[in-house]
Every structure is written in structure tokens, then in C-alpha cells.
Number of protein chains: 2
Amino acid sequence: MSTANPPRRVPLTPGARKALEAAGRLFYERGIHAVGVDLIAAEAGVTKKTLYDRFGSKDQIVVEYLADRDERWRAFLAPRLDTARTPQDRVLAVFEASRDWMDTNSPRGCSMVNAHAEIDDPSHPAYAIITGQKEWMLTLLTDLVRPVAPATADSLGRTLMLLHEGALVAHGLRIFPGALDHAREQAASLLATTGGPRPAS
Amino acid sequence: MSTANPPRRVPLTPGARKALEAAGRLFYERGIHAVGVDLIAAEAGVTKKTLYDRFGSKDQIVVEYLADRDERWRAFLAPRLDTARTPQDRVLAVFEASRDWMDTNSPRGCSMVNAHAEIDDPSHPAYAIITGQKEWMLTLLTDLVRPVAPATADSLGRTLMLLHEGALVAHGLRIFPGALDHAREQAASLLATTGGPRPAS
DNA sequence: CATGAGGTAGACCGATCTGTATACCTGGCA
DNA sequence: TGCCAGGTATACAGATCGGTCTACCTCATG
């Protein structure tokens with residue numbers, strides 16, 4: 001598992017950085033296929049030639065877009081995991097980080113899930129990024145609960161994954177407000193009743 | 001809530017039916033923006049004129065596509081709910097129906113979630129169908145658990161909704177196998193520990 | 001027999017799509 | 001001084017986009 005060589009990355013010159021910022025915003029808000037390279041260039045204040053000199057193709061811009069979001073999400077999450085002191089707190093920190101991330105970056109749900117809806121071909125270079133992030137999240141949650149529930153870590157990790165993914169979708173589609181907070185509470189409840197004794201206070 | 005007048009529907013002549021079948025398959029497999037009307041016509045064995053005589057626009061084809069999937073899903077679910085004898089069994093029947101539905105119709109996840117990724121405009125006529133189905137599902141799950149947990153039905157319904165949506169995403173992205181079954185087990189566990197006594201046998 | 005609904009066949013429209021080309025400018029560096 | 005990376009500006013190519021049009025066919029029904 002988790003083989004798939006990482007997609008090629010591209011050096012980010014100033015022009016490329018501007019283009020990637022604009023492309024990321026447009027792709028997320030309107031969808032990948034709905035956004036043309038001319039629009040990206042215009043919004044970035046960059047010429048189309050610069051786009052193709054830096055990225056080579058629109059597909060490569062999509063790859064950089066998703067890889068960039070993935071990297072920024074992991075960087076957003078990491079310090080919160082470092083700060084949390086107990087395994088339970090680390091799990092809850094994931095849900096809290098997602099809530100804050102969604103509030104500031106992602107009103108329309110998970111960019112990976114949304115991109116997956118538009119990319120059917122598993123050989124597309126962006127596919128590995130999408131599945132890679134989900135695989136990473138499942139592994140993370142499973143590893144986080146292993147200390148408190150070694151016997152049921154796999155099952156509990158998967159349940160937390162479902163709650164988390166469901167909350168992202170519920171947030172994006174505005175199914176009900178406070179989806180991430182609700183998922184966090186359910187996660188806390190699961191952690192309290194599973195495995196070891198509940199925290200002292 | 002749940003106001004939004006239902007989008008206009010179109011009479012399904014034989015040609016329209018063939019077109020809708022092809023459009024549904026293509027939209028689901030490749031995404032809405034990635035499929036052109038010429039391709040739909042060719043795959044359906046129908047001329048483009050027939051497409052526009054029946055539907056008037058591509059947007060209207062999208063509306064019929066989503067409305068049709070919604071109707072078929074509800075028709076798929078209804079007899080299973082009628083057969084189940086206890087409230088708990090009815091909730092579990094939803095997860096089992098989703099599992100069977102996904103196995104035969106939806107390897108790429110929920111068509112509503114996927115469509116939402118491509119439609120940003122809430123004034124799009126398809127938007128009401130997407131949000132309407134999610135709202136209906138949340139209401140359904142909440143109403144199903146009300147008899148067993150009247151005091152916490154809203155919260156429990158939302159938790160079941162998160163598990164269900166998460167399982168649909170996990171299935172579509174192949175995060176781990178058996179996602180719907182895992183969600184079903186967690187739902188069963190929630191129903192057993194919440195509210196009234198567990199079933200006699 | 002006339003009519004109209006539903007259909008085929010295929011040309012056509014303007015707009016937009018991804019991608020390429022030519023010509024020129026700027027600043028850092030060997 | 002010369003060079004080259006990175007950029008602007010703009011025109012262009014070929015394909016495809018959603019959508020319209022004319023001409024003709026078939027068949028059921030009044």
C-alpha cells in the first residue's frame with residue numbers, strides 16, 4: 001500500500017506562486033473543470049505563457065493545487081497535535097483543527113473529495129494526492145487511538161474517520177450547523193467509553 | 001426551511017428517456033462539466049435536436065439526472081423501511097440499503113455530493129435537489145430514532161447522518177473496504193447504548 | 001386526408017477550451 | 001559586456017463547448 005510515486009512538483013517562481021494562489025482559489029470555489037487557464041492567468045495578473053513555462057499543463061496546475069492544500073493542512077494540524085498532551089486530546093485536536101480550517105479556508109467542504117468528483121481516471125497524477133491524504137488521515141487517527149485502545153484501534157480509527165469525513169461533507173453541504181463540533185463530541189464520547197478509564201477530571 | 005419550489009420536470013418521451021439514461025451514466029462516471037451534450041446525444045443514439053427539444057438546456061438535463069437518482073434511491077429504500085419491524089432495524093436498513101445501492105449503482109460515491117462539488121451557485125436549479133435530499137435523509141434518520149430516544153433524537157440523528165455520509169465518501173474514495181458495513185455496526189452500537197433497553201433477543 | 005408530435009441527419013454559430021508562437025523587456029551575474 | 005532566466009503582451013491554432021437551424025421522415029389520431 002501507499003506506493004504510488006509522488007507526482008512531480010514544480011519550482012515556485014514568483015509568477016508561479018501568484019498563479020497557484022489564484023488557481024487554488026478558483027478551483028476550490030468553482031470546480032476544476034469550470035475554471036480555464038485564461039481565467040487563472042487573468043486573476044493572477046500573469047500571462048498564459050508564464051503559466052505554461054512554469055507548469056507545462058493545466059493538469060500539473062491541478063497537481064500543485066492539491067499538493068499545496070495537502071501540505072498546508074498537515075502544517076496546520078501538526079502544531080495542534082504537538083500541543084495536545086493526551087492521546088484523547090490529540091484526537092479531539094484533529095476535529096478542532098478541521099473545524100477551524102473549514103471556517104477559514106473551506107466553506108465548500110474537502111478539496112480532495114471535491115476534486116475526486118471531477119477526476120475519474122486513477123492514472124491522473126492528482127489521484128495519488130487525493131487517496132494519499134485520506135490514507136494518511138486514517139493512519140493518523142488509528143495511530144492516535146492505539147495507546148488508549150490497542151485491541152480495537154483499527155475499528156475505532158475507522159469510526160473516527162467516518163465521523164470526520166461525514167462532518168466535512170455535512171459542513172460543505174450545510175446539512176446542519178456545527179457539524180465538526182458535533183463530530184468532536186461524538187469522538188469524545190467514543191474515546192470515553194472505549195478502552196481505558198476516563199480522564200481523572 | 002425546505003421551501004424552495006421543486007425544479008421543473010420534463011415529460012420523458014422515449015428519446016428523452018434514452019438521453020437521460022446516457023447522461024446519468026456519463027455524468028456520474030466522469031463528472032458533469034466533463035461531459036458535453038454531443039457526447040450524451042451520441043451515447044444515447046439520439047440527435048442533439050431531440051436533446052434540446054425535450055430538455056431545453058444542459059442545465060435541465062442535470063436537473064433531471066439528479067432528480068431521477070434521488071427518486072430511484074428513495075424508491076429503493078422505501079420497501080426496506082416497510083419491511084423492518086423495529087425502529088432500530090429501520091435505521092440499520094438505511095445503512096444496508098446504502099451498501100447495496102453503492103455496490104450496484106455508485107462505486108464513485110454519492111452523486112449529490114459529487115454534483116455539489118461542481119455546482120457552486122445556490123441559485124442553480126439542481127441545488128435544491130442536492131440539499132433537499134440531504135435534508136430529507138437527516139429528517140428521516142432523526143424521525144426513525146425518535147421512538148427509541150425521544151430526548152436525544154436530534155443529536156443521535158445527526159450522528160447517524162455523519163456516519164452515513166462519511167461511509168459514502170469512504171466508499172467512493174476507497175479509503176477502506178466495507179465502509180457501509182462498518183458504519184452500520186457503529187450505528188447498531190449507538191442504538192444499543194442509547195435510550196431504552198436493548199432488544200430482547 | 002391533414003395535422004402535429006417526436007424523431008433523424010447534419011450544417012452552422014459564436015464562444016471558449018488547452019496549448020503554442022513571436023517579439024520584447026528587465027535584472028542579476030559571469 | 002554578454003548572457004540568460006523570468007517575465008509581459010499578444011496573436012494564433014485546432015478542438016470542443018452549448019445551442020440553433022433547416023429539411024425531411026414516420027406514425028397516430030381527429
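Residue numbers start from 1 in every chain, and the chains themselves are labelled A, B, ... in the order their sequence lines are given, proteins ahead of strands.
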Is there a side-chain contact between [X] and the phosphate of [N], meaning an N or O under 4.0 Å from OP1 or OP2?
X       : N      : result
B:Ser57 : D:dG19 : no
A:Arg54 : D:dG7  : yes
B:Thr13 : C:dG7  : yes

What is the distance, rounded to the nearest whole Å, between atom [atom1] of [X] and atom [atom2] of [N]?
X       : N      : atom1 : atom2 : answer
B:Gln60 : D:dG19 : CD    : C1'   : 15 Å
B:Leu39 : D:dT16 : CG    : C1'   : 12 Å
A:Lys49 : C:dC24 : NZ    : P     : 14 Å
B:Leu12 : C:dA5  : CG    : C1'   : 16 Å
A:Leu51 : C:dT20 : CG    : C1'   : 13 Å
A:Asp59 : C:dG19 : CG    : C1'   : 12 Å
A:Phe55 : D:dG6  : CZ    : P     : 13 Å

With A:Leu173 as reference, evaluate B:His116, B:Glu165, B:Glu135 under the side chain to side chain contact (heavy atoms under 4.5 Å, CB included) test and give the passing residue.
->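 For A:Leu173, the side chain to side chain contact (heavy atoms under 4.5 Å, CB included) test succeeds with only one of B:His116, B:Glu165, B:Glu135, which is B:His116.
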Establish, from distance only, whether the side-chain atoms of B:Ser123 and B:Asp121 form a donor-acceptor pair under 3.5 Å.
->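 There is such a pair between these side chains.
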Can you find a side-chain donor-acceptor pair between B:Thr142 and B:Thr139 that sits under 3.5 Å?
->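 On atom types as modelled, these side chains do not qualify, holding no pair under 3.5 Å.
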Assess whether side chain to side chain contact (heavy atoms under 4.5 Å, CB included) is satisfied between B:Ile175 and A:Met161, documenting all intermediate values.
-> CA-CA 9 Å; B:Ile175 298 176; A:Met161 189 75 185; 4.0 Å; yes
Ion pair check, A:Arg85 and A:Asp89, cut-off under 4.0 Å | no
Closest to the [X] side chain, choosing from [options]:
X       : options               : result
B:Lys58 : D:dT22, D:dG7, D:dG18 : D:dG18
B:Tyr52 : C:dT8, D:dA11, D:dT20 : D:dT20
B:Val46 : C:dT8, C:dA23, D:dG19 : C:dT8

To the nearest 0.5 Å, how far apart are CG in A:Asp120 and OH in B:Tyr28?
->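 The distance works out to 11.5 Å.
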In residues 25-37 of chain B, what residues come within less than 4.0 Å of DNA chain C, judged by heavy atoms?
->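 DNA chain C contact set from residues 25-37 of chain B: none.
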Any donor and acceptor pair, going by atom type alone, linking the side chain of A:Arg90 with main-chain N or O of A:Ala84 inside 3.5 Å?
->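 Indeed, once roles are kept as given, a pair shorter than 3.5 Å links the two residues.
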Comparing B:Lys48 and B:Ala16 on DNA chain C - which has the more 5′ nearest nucleotide |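 Residue closer to the 5' terminus by nearest nucleotide: B:Ala16.
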By nearest nucleotide on DNA chain D, pick out whichever of A:Asp38 and A:Asp53 is the more 5' one.
->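 Result: A:Asp53.
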